[in-house]
Amino acid sequence: MENKEQYLKLLTEIIKKQAVILGPDIALLKARSISGLKVSDDCAVTDIAGDPKEVIQQLVNAYVELSGQIVKSALSSIFEKYPGINKVE
Amino acid sequence: MPSLTIIFSASLALIAGLAFYVRSRFLLEKMSGKEKETGRKMYELAILKELGDRIGYSLDVHEIIDIITGSLRQFIEYSAVSYMLIQPEKVIFKVQLEKSVNRGFLNEIRERMLGSLSALLDKELSKSVIEEVLSGVILSEDTNEPVRSFFNIPLVIGEKVVGVLTVSDTKPGLYKEEEMTILYKITQQASKAVSKLQEVVRMEQRKLNSMVESMADGIVMTDNDYRVLVANPAVKTLLGLVSARELSIFDIIEHVAGKFDIRSKLEESIKLGKVLEVPEVILGERFFQIFISPVKSTAAMTSGETLGGVVIFHDITREKELDTLREDFTSMMVHELRSPLDGINKIAELIMSDRTHKHAEKVVHEYVPIIHKSSSDMLRLVSNLLDAAKVESGKYQIFKEPIGDIRKLVAERVKFFDPSVKAKQLVVKIEISADAPGSMSFDENALVGVFNNFIFNAIKFTRDGGKIAIQAFLHQRGKDVIDEARRNGVSWFLKEADQVSKDLPSSLVVAITDNGVGIKRENLPLLFNKFRQFQSAAMSGDKKGTGLGLVIAKGIIEAHGGLVGAASEEGKGSTFYFTLPI
């Protein structure tokens, strides 16, 4: 399960959900501030460089820093769809 | 042709000018960036201070969000700033329009905010009832600009999503990361402060709730919209709604319908700003005195503001019963005194009519004994009433003698009642344990009264040929009285369930047990009640007593520091006992 495609999908879902919650502008700005993450204007992740788990953690941290722990709770349902990928702390 | 020197000088001047221009632009830009940064910092500090001040006296999320939205204009450009707050029965959608936009713009914002909330809560909110509040400039259908820039800030209090705040504009790419980040930061700080204070308030509320919950009076508190904020277990019990988790005003209205108009009374109390009283309302089988009061704020900033109303249901059933008993007691006492007085009066009239003294002998032998009997009855009644009154007021005085002999006292009392015992062919047994002290300190005359009363009752309520036992044993502090009685061979009607005081000091326990008619379980607690005893004696037409003997006996024993009690099985007999501390 833990292949790059899965990570791309998961990261895309995270950013798209945050785009709904926070708005696409800020969701994209925060996603693009993560090194190793390439994101298109429609919030799709096109490439990841480095450890994907680390990238996920950094992305979630960026959203949590912005608007609190509640955004992490809102991502639970996405992580449930990818049981092969460990949930972030 | 200009010389090379001139060209060189001009070139140098041009380069220097260019360098100066570039440097100046760089410095200007740097200064402008610093100014902006300072401006942002100043805004952040000002808004946080205002929020801090406001949160000090209000935890209303509306007010706090209004402060943030009201100050945004000086910091960020927008067409609309809006917030949505989730309420139990609706979603409030409040919009402050800074620029004129059309309905389409507003609808788009609304959908995006609902989408944000739904995503946060993982719950579809699109079908919720939305209450829209618009302020600022008016909507205009002449403009046709859609939402091109926006961002949402989740509003979270105590780890719970309560709403979302949105800043939007018709221009594309308007919002920079720094501006947005500051607003997220401010909102988060406000949210944390409110969450912390709400937790403190909740803790205080829990303490208050525990107090209200333990109160015997039924208490209902409502807000200004008659929503029930507090309903303690006592009120649920009196309304017959013990299993209800939460009560609504409609539940209460339904259960007190036709007896008490709770809503109108609350309305009246709040409107008049004063406490109202409904003196007597019957709910179920009980009487209640009901107080209705407005609840006003005492907080400095909102002092006097009406927060809602409170209704207190005070159970007066017992007071009502006692009032009735007192009234009956007075009328019966008057009746009891009137009968012998009437007799004396009639005889006096007869004697006075015998002017020739023809019937002098009849007067002496027949009428005077009647007068004596009637006046003795009256005197006994008045004495008993006086003694009972002294007992009731705690002024009954005893005069203890240090060398009282309980064995001698019991033997004398049994001898005193010998004629009655023989007349009913009763068997009277005296059993006093060997460890009972030979001399004790007590008021002998007073104890004679107690024995007389207990033995008289035992004879009276025991059938011919029955048995009466007068038993006494020593109780040691900390030991079980029932167990001690068993070991001393005392057969009585007391059981473990009767729970004789565990703190009983070392005492002599005296019990008078008969195998007579017994007493109904429900009547046992009434035996030592002045009003009940007098009432039942008068109603049964008992001419041999006022029924106050037990009440007086209780007063005498309690004045000795002992206790009095009774146990019985209907049809099998009764035990009356008292204790005397040694």
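Source: prediction; values computed, not measured. Order of the sequence lines sets the chain letters (A, B, ...), proteins ahead of strands, with each chain counted from 1.
- More than 12 non-hydrogen atoms from other residues, nucleotides or ligands lie less than 6.0 angstrom from CG of A/D42.
- Residue-environment remark: CZ (A/R32) exceeds the threshold of 12 foreign heavy atoms within 6.0 Å.
- Of the residues considered (A/I70, A/L22, A/V71), A/L22 shows the highest number of contacts with chain B, using heavy-atom pairs under 4.5 Å.
- A salt bridge is defined here as a Lys NZ or Arg NE, NH1 or NH2 lying under 4.0 Å from an Asp or Glu carboxylate O, and B/R148 with A/D25 fails to meet this definition.
- Between B/N152 and A/G23 the shortest heavy-atom distance is ND2-N, 3.8 Å.
- Within the 4.5 Å cutoff, side-chain heavy atoms of B/F150 are placed close to those of A/P24.
- Side-chain contact between B/I153 and A/S67 is absent, with no heavy-atom pair separated by less than 4.5 Å.
- No more than 12 heavy atoms of other residues, nucleotides or ligands sit less than 6.0 Å from atom NZ of A/K9.
- Under the 3.5 Å distance criterion, the side-chain polar atoms of B/E177 are left unmatched by any main-chain donor or acceptor of A/K30.
- Between A/L66 and B/Q188, the closest heavy-atom pair is O-NE2, 2.8 Å.
- Heavy atoms from other residues, nucleotides or ligands lying under 6.0 Å from CD of B/E159 number 12 at most.
- For A/E65, the part lying near chain B is the backbone, with the side chain staying farther off; criterion is any non-hydrogen pair under 4.5 Å.
- Between the CD atom of B/E178 and the CG atom of A/L29 there is a distance of 9.0 Å, given to the nearest 0.5 Å.
- Neither the backbone nor the side chain of B/T166 comes within less than 4.5 Å of any heavy atom in chain A.
- Contact check for A/I26 versus B/Y175: no side-chain heavy atoms found under the 4.5 Å cut-off.
- In this structure, the separation between NZ on A/K17 and CG on B/D122 is 4.0 Å, given to the nearest 0.5 Å.
- Within 6.0 Å of the NZ atom in B/K185, the count of heavy atoms belonging to other residues, nucleotides or ligands does not exceed 12.
- Contact detail for A/V20 and B/G115: the closest heavy-atom pair is CG1-O, 3.6 Å.
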